[in-house]
Amino acid sequence: EVHLVESGGGLVKPGRSLRLSCETSGFTFNIAWMTWVRQAPGKGLECLARIKDITSGGATDYAAPVKGRFTISRDDSKNTVYLQMNSLQTDDTAVYYCTTLDGYGYTRRWGQGTLVTVSS
Amino acid sequence: EIVLTQYPATLSLSPGERATLSCRASQSVGTYLAWFQQKPGQAPSLLIHDASIRATGIPARFSGSGSGTDFTLTIDSLGPEDFAVYYCQQRYSWLTFGGGTKVEIK
């Protein structure tokens, strides 16, 4: 069974950094493409970052609002994907989900999410 | 960025009725569109991909149609578990989501 478990969320002051982790199991992580998606309270969904597998060069892509501030990375030895978030702003407050991308390119499996609150 | 607009924002229906949800893209996405269901406190779950293909385990009362810029999700005979928020997602260019349609009990 596929599991994705996010961690690392919490309360952080504006301008500070936070690193989220997503530990996975139940599938072949090293050939999986992964994303981070967030959902602000009471709002819709926003895909932030994508990382391809090593055979695709581990290429990364970012949404405009986070490009240059957030970095997605992976450790295939730990079946884990990360999201390093720098220069956090109040409008980064959201639940952050990691997801797998299926062979069709859609966000197939989702974790339960981790809440990040940016507030002074 | 491709913008997806969902309408209506809220759909008030009774159990057993048919729900018709719409999603319009700001430019053609071919059939690279998916539908998700999200219940309170839960992550979204995939219902339909490539506009009309049901994901594994999804009941036949859920169906998708459309191509280009206009798409529809139809739920035949709403069950109590179907009252939720539904999002469309395109993968033609990056990955973007619509704003959602809430299907609530009338």
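Each chain gets a letter, A, B and so on, in the order the sequences are listed, and its residues count up from 1. Not measured: the values here are computed from a predicted model.
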Asks: Determine the minimum heavy-atom distance between B:Tyr87 and A:Lys43, stating which atoms define it.
Replies: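 What the structure gives for the nearest pair is OH-O, 3.5 Å.
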Asks: Quick check on A:Glu46 against chain B: is it the side chain, the backbone, both or neither that has a heavy atom closer than 4.5 Å?
Replies: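 Contact with chain B is through the backbone of A:Glu46 alone.
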Asks: I want to check something: taking the side chain as every heavy atom from C-beta on, are A:Trp110 and B:Gln42 in contact at a cut-off of under 4.5 Å?
Replies: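 No; the side chains remain at least 4.5 Å from each other.
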Asks: When clusters are formed from ILVMFWY side-chain contacts under 4.5 Å, directly or step by step, what else is grouped with B:Tyr32?
Replies: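 Members besides B:Tyr32, by chain and number: A:Tyr104, A:Tyr106, B:Ile2, B:Leu4, B:Leu11, B:Leu13, B:Leu21, B:Val29, B:Leu33, B:Trp35, B:Leu47, B:Ile48, B:Ile58, B:Phe62, B:Phe71, B:Leu73, B:Ile75, B:Leu78, B:Phe83, B:Tyr86, B:Tyr92, B:Val103, B:Ile105.
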Asks: Are the side chains of B:Phe36 and A:Leu45 in contact, using a 4.5 Å heavy-atom criterion?
Replies: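 Side-chain contact under 4.5 Å: no.
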Asks: Quick one: are B:Leu95 and A:Val37 in side-chain contact, heavy atoms under 4.5 Å?
Replies: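 No, too far: nothing below the 4.5 Å cut-off.
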Asks: Which bit of A:Arg109 comes within less than 4.5 Å of chain B, counting heavy atoms only: side chain, backbone, both or neither?
Replies: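 Neither part.
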Asks: Answer with side chain, backbone, both or neither: which region of A:Thr99 has an atom nearer than 4.5 Å to a non-hydrogen atom of chain B?
Replies: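 It is neither, since no heavy atom gets under 4.5 Å.
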Asks: Which atoms form the tightest heavy-atom contact between A:Tyr97 and B:Pro44, and what is the distance?
Replies: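 Scanning both residues, the minimum pair turns out to be CZ-CD, 4.4 Å.
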Asks: Carefully, step by step, assess B:Leu46 and A:Asp102 under the rule side-chain contact (heavy atoms from CB on, under 4.5 Å).
Replies: CA-CA 11 Å; B:Leu46 180 67; A:Asp102 65 15; 4.2 Å; yes
Asks: Minimum heavy-atom separation for A:Gly111 and B:Ala43, please, with both atom names.
Replies: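 Looks like O-CB, 3.3 Å.
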Asks: How does the hydrophobic cluster around A:Met85 look, that is, which other residues are in it when side-chain heavy atoms under 4.5 Å mark a link?
Replies: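 Taking Ile, Leu, Val, Met, Phe, Trp and Tyr as members, A:Met85 shares its hydrophobic cluster with A:Val2, A:Leu4, A:Val12, A:Leu18, A:Leu20, A:Phe27, A:Phe29, A:Met34, A:Trp36, A:Leu48, A:Ile51, A:Tyr62, A:Val66, A:Phe70, A:Ile72, A:Val81, A:Leu83, A:Leu88, A:Tyr96, A:Val116, A:Val118.
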Asks: Does any heavy atom of chain B fall under 4.5 Å from the side chain of A:Ala64, the backbone, both, or neither of them?
Replies: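 Neither part; nothing is under 4.5 Å.
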Asks: Taking side chain as everything from C-beta outward and backbone as N, CA, C, O, which of these in A:Val95 sits under 4.5 Å from a heavy atom of chain B? Side chain, backbone, both or neither.
Replies: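 Nothing of A:Val95, per the 4.5 Å heavy-atom cut-off to chain B.
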